[in-house]
Amino acid sequence: MKHVVVHEEWCLGCHLCEYNCAYANSGIKGMAKALKGKRVFPRIRVEDGNGDGKNNITFAVSCRHCHDPICAKSCISGALTVRDGAVTIDRSRCVGCYTCILVCPYGAIYTDGEGAVIKCELCLSNQAGSPACVAGCPNRALTLEETD
Amino acid sequence: MKTYVIIGGGVAAVGCAEGIRSVDTSSRVIIIAGERRPAYYRPMISYYLEGKTDFEKMEYRPAGFYEENKIELICDAAVSLDSASHTVTLSGGDTIRYDAVCVATGSRPFVPPMEGLDGVTCKTGFLTEEDACALEKAVTCDSRVFIVGAGLIGLKCAEGLCGRVGSITVCDLAPRVLSSILDDTAAGIMQKKLEEHGIRFLLGDTVSRFDRDTAHMKSGVDIGFDVLVLAVGVRANVSLVADAGGLVGRGIVVDERMRTTLDSVFAAGDCAEAADISSGSRRVMAIMPNAVLGGRCAGINMAGGSASFDNAVPMNAIGFFGLHALTAGSYDGEMYEERGDGTLRRLYVKDGMLSGFMLIGSVERAGIYTSLIRNQIPLETVDFEELRRLPSMRGFSPEYRREHMEGWK
Ligand SMILES: Cc1cc2nc3c(=O)[nH]c(=O)nc-3n(C[C@H](O)[C@H](O)[C@H](O)COP(=O)(O)OP(=O)(O)OC[C@H]3O[C@@H](n4cnc5c(N)ncnc54)[C@H](O)[C@@H]3O)c2cc1C
């Protein structure tokens with residue numbers, strides 16, 4: 001199974017991955033139409049300290065698809081499950097209890113603004129088909145690699 | 001061939017069976033399940049009342065699961081356990097011999113003696129899908145519902161019923177809602193939200209006597225009702241182990257391998273009490289993650305594998321009408337607080353580590369805090385100044401990220 005690998009020293013903090021993610025998951029054709037003027041809820045988020053100037057480290061956090069995902073074990077509705085090595089979410093089951101937000105050690109599950117949660121599903125079932133964050137990363141700070 | 005017996009058909013039982021099967025695919029695995037349905041997502045019963053789910057979706061494992069994994073499901077109650085002869089006796093008198101047994105019996109409602117309770121015709125607890133079905137049948141759009149207990153279960157029930165009944169009144173002896181996980185300030189925020197949705201509260205008050213469909217309160221107030229829900233609290237089902245001579249406190253005492261003090265007897269889930277690493281004391285931590293993880297750990301060890309579950313912490317994610325409270329650990333030590341409009345963030349630091357937190361309203365990425373507690377990370381190794389304001393992975397060292405986060409370079 002290929003996963004999104006983060007090379008933090010290459011991250012420019014440009015946030016493109018967030019927009020590509022939001023677009024890939026929007027179900028709408030045309031990036032401008034999908035994103036312009038809307039509040040976006042990407043499943044990958046860049047940490048840049050909001051320019052606090054403390055250190056210049058930036059990187060993007062998305063689900064790590066843990067081998068032993070505590071989010072799926074803790075899910076009270078069965079919305080989070082592991083399918084072929086990817087942690088996926090069935091949003092029709094999610095009741096927005098936020099137990100997964102409480103247990104994800106990396107803070108990689110986000111609220112969706114509508115009462116449920118969203119997370120990276122490796123673009124396996126959206127219009128991109130493979131991780132849009134990786135495809136659009138201008139500095140190869142995100143790559144798709146076989147991990148064991 | 002060995003025989004592994006699991007008593008109780010909830011998620012801890014299924015976790016245990018899966019743990020056994022991860023080590024041993026051929027031995028007999030028997031689950032003795034006390035409810036009419038195989039394991040389901042118990043917390044969903046309030047969402048069922050809200051119409052957000054159905055019983056098919058609530059099933060914990062797909063239909064073919066038990067057969068595929070050669071798990072024998074016996075719908076019956078175990079009445080006794082004999083650790084000397086390694087046998088379990090069922091309600092019909094049959095006995096089953098085991099090589100190892102796991103007690104995963106969960107809890108039952110605790111109903112304090114209340115005068116006149118027997119005379120109340122329409123009453124139920126709120127722990128099982130059967131309770132939810134009974135409640136659904138009992139209520140109409142103008143029922144007056146009276147819930148005794150403003151804890152997690154009573155309030156989830158109130159939320160579930162809100163909008164489909166005439167009125168909901170909740171009482172509790174404690175002066176605030178969710179008294180076991182929140183303090184007055186935090187509880188006040190949650191209560192306000194519930195009140196905005198028409199739920200009425202009588203706090204610091206208790207029923208002195210029921211007179212059929214009227215509750216006479218200690219305060220002198222009389223509450224008329226059509227349906228009574230008893231949600232005062234729960235007690236762990238410990239009797240099988242206690243009667244067999246095993247050590248029990250509020251729950252069945254287990255070690256980090258989920259072993260009880262009896263030979264070849266394990267326990268997991270809401271019936272067990274284990275070490276809480278955030279406080280160092282033993283507690284019943286009655287939440288799904290602990291049941292699933294503890295059950296799995298027990299199963300692996302029963303089948304001869306090796307596993308330990310040694311980082312349990314109490315934690316709760318609870319929300320009403322879109323307002324969420326996420327809490328974990330113990331509220332002990334130095335407190336950092338930040339209040340906003342309808343939000344509250346509190347972190348507790350003790351002995352150089354995060355011991356607990358309470359977040360209301362603003363809860364994004366709370367799991368980063370939970371992991372600081374669970375993994376007992378010394379705060380001197382992280383940028384706590386930054387983390388205190390907002391949870392982030394930037395607050396950790398690059399080495400930490402590389403070591404802990406899969407696919408990180
Ligand atoms: C309304 C509600 C909301 C909840 N919300 C949350 C939440 O948001 N998050 C969270 O983490 N947790 C929540 N919980 C708690 C969670 O449901 C439990 O922690 C979890 O179900 C525990 O699993 P268990 O297998 O240990 O016990 P249980 O689910 O209680 O299962 C035990 C089973 O054993 C059976 N049994 C008992 N005695 C015997 C016997 N002698 N023989 C045979 N069978 C027996 C019982 O009938 C029962 O079916 C909630 C619970 C309720 C009731």
Side-chain angles (χ1 to χ4, degrees), chain A residues 2-10 45 47-50 52 54-55 57-59 61-79 90 92-111 114-115 141-148, chain B residues 11 15 40-44 46-47 50 52-53 57-61 287-293 296 315-319 321-322 324-328 359 363-372 374-375 383 385-386 389-396 398 401-402 404-409:
Chain A
K2 284 188 168 165
H3 286 291
V4 175
V5 172
V6 177
H7 307 262
E8 61 176 59
E9 80 267 40
W10 297 118
R45 305 267 167 109
E47 285 193 18
D48 56 11
N50 293 318
D52 62 4
K54 264 220 311 245
N55 55 39
I57 298 175
T58 66
F59 50 76
V61 180
S62 59
C63 172
R64 298 290 90 211
H65 298 280
C66 302
H67 287 296
D68 191 17
I70 189 166
C71 57
K73 291 217 166 90
S74 306
C75 180
I76 66 163
S77 71
D90 175 349
S92 73
R93 283 176 184 248
C94 178
V95 292
C97 75
Y98 295 178
T99 301
C100 51
I101 291 180
L102 178 64
V103 298
C104 174
Y106 314 124
I109 301 181
Y110 305 99
T111 57
E114 294 166 12
L142 298 171
T143 57
L144 193 59
E145 292 177 29
E146 200 67 53
T147 53
D148 45 32
Chain B
V11 295
Y40 54 94
Y41 287 98
R42 189 174 305 285
M44 287 295 104
S46 70
Y47 298 92
E50 263 183 86
K52 283 190 178 168
T53 187
K57 279 188 179 167
M58 274 164 70
E59 248 160 48
Y60 187 55
R61 288 295 177 252
I287 49 171
M288 274 237 354
N290 288 346
V292 177
L293 296 168
R296 185 175 176 86
M315 53 185 170
N316 273 286
I318 182 149
F321 309 109
H324 295 266
L326 268 50
T327 64
L359 305 176
V363 301
E364 293 278 1
R365 308 190 79 188
I368 293 174
Y369 291 150
T370 308
S371 85
L372 284 173
R374 284 187 92 103
N375 301 321
D383 182 350
E385 281 285 300
E386 167 146 0
R389 268 179 284 130
L390 271 185
S392 74
M393 290 316 296
R394 261 176 125 235
F396 293 77
R401 287 191 293 272
R402 273 197 295 272
H404 291 86
M405 299 175 79
E406 288 175 52
W408 205 272
K409 286 184 178 162

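By convention in this document, chain letters (A, B, ...) are assigned in the order of the sequence lines, proteins followed by strands, and residues within each chain are numbered from 1.
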Where on [X] is there a heavy atom nearer than 4.5 Å to chain A: the side chain, the backbone, both, or neither?
| X | answer |
| --- | --- |
| B:Arg296 | side chain |
| B:Ser392 | both |
| B:Ile368 | both |
| B:Asn375 | neither |
| B:Val363 | both |

Classify the side-chain pair A:His67/B:Glu406 by whether it contains a donor and acceptor separated by less than 3.5 Å.
-> yes
Option in [options] with maximal non-hydrogen atom pairs under 4.5 Å from chain A:
| options | value |
| --- | --- |
| B:Lys52, B:His404, B:Lys57 | B:Lys57 |
| B:Ala366, B:Ser371, B:Gly407 | B:Gly407 |
| B:Met44, B:Met58, B:Arg42, B:Arg365 | B:Arg365 |

Looking only at A:Ile101, A:Asp68, A:Val4, the option with the highest number of non-hydrogen pairs under 4.5 Å against chain B is A:Ile101
In terms of heavy-atom pairs under 4.5 Å with chain B, the winner among A:His65, A:Glu145, A:Glu47, A:Arg64 is A:Glu47
Kindly compute the distance separating [atom1] ([X]) from [atom2] ([Y]), expressed to the nearest 0.5 Å.
| X | Y | atom1 | atom2 | value |
| --- | --- | --- | --- | --- |
| B:Asn290 | A:Lys73 | CG | NZ | 12.5 Å |
| A:Ile70 | B:Thr370 | CD1 | OG1 | 8.5 Å |
| B:Trp408 | A:His7 | CH2 | NE2 | 10.5 Å |
| B:Lys409 | A:Trp10 | NZ | CH2 | 13.0 Å |
| B:Tyr47 | A:Arg93 | OH | CZ | 15.0 Å |
| A:Leu102 | B:Ile318 | CG | CD1 | 12.0 Å |

Checking [X] against chain B: side chain, backbone, both or neither under 4.5 Å from a heavy atom?
| X | result |
| --- | --- |
| A:Cys104 | backbone |
| A:Ser92 | both |
| A:Cys100 | neither |

Does A:Glu8 have any salt bridge (Lys or Arg N to Asp or Glu O under 4.0 Å) partners at least two apart in sequence or in another chain, and if so, which?
-> B:Arg401
How are the rings of A:Tyr98 and B:His324 set relative to one another: parallel (under 30°), tilted (30 to 60°) or perpendicular (over 60°)?
-> parallel
Side chain to side chain contact (heavy atoms under 4.5 Å, CB included) between B:Glu50 and A:Val95, intermediate numbers included = CA-CA 11 Å; B:Glu50 263 183 86; A:Val95 292; over 6 Å; no
Minimal non-hydrogen separation, A:Ser74 against B:Pro289, with atom names | OG-CB, 3.3 Å
Would you mind checking if A:Arg45 and B:Glu364 are paired as a salt bridge, meaning a charged N to carboxylate O distance below 4.0 Å?
-> no
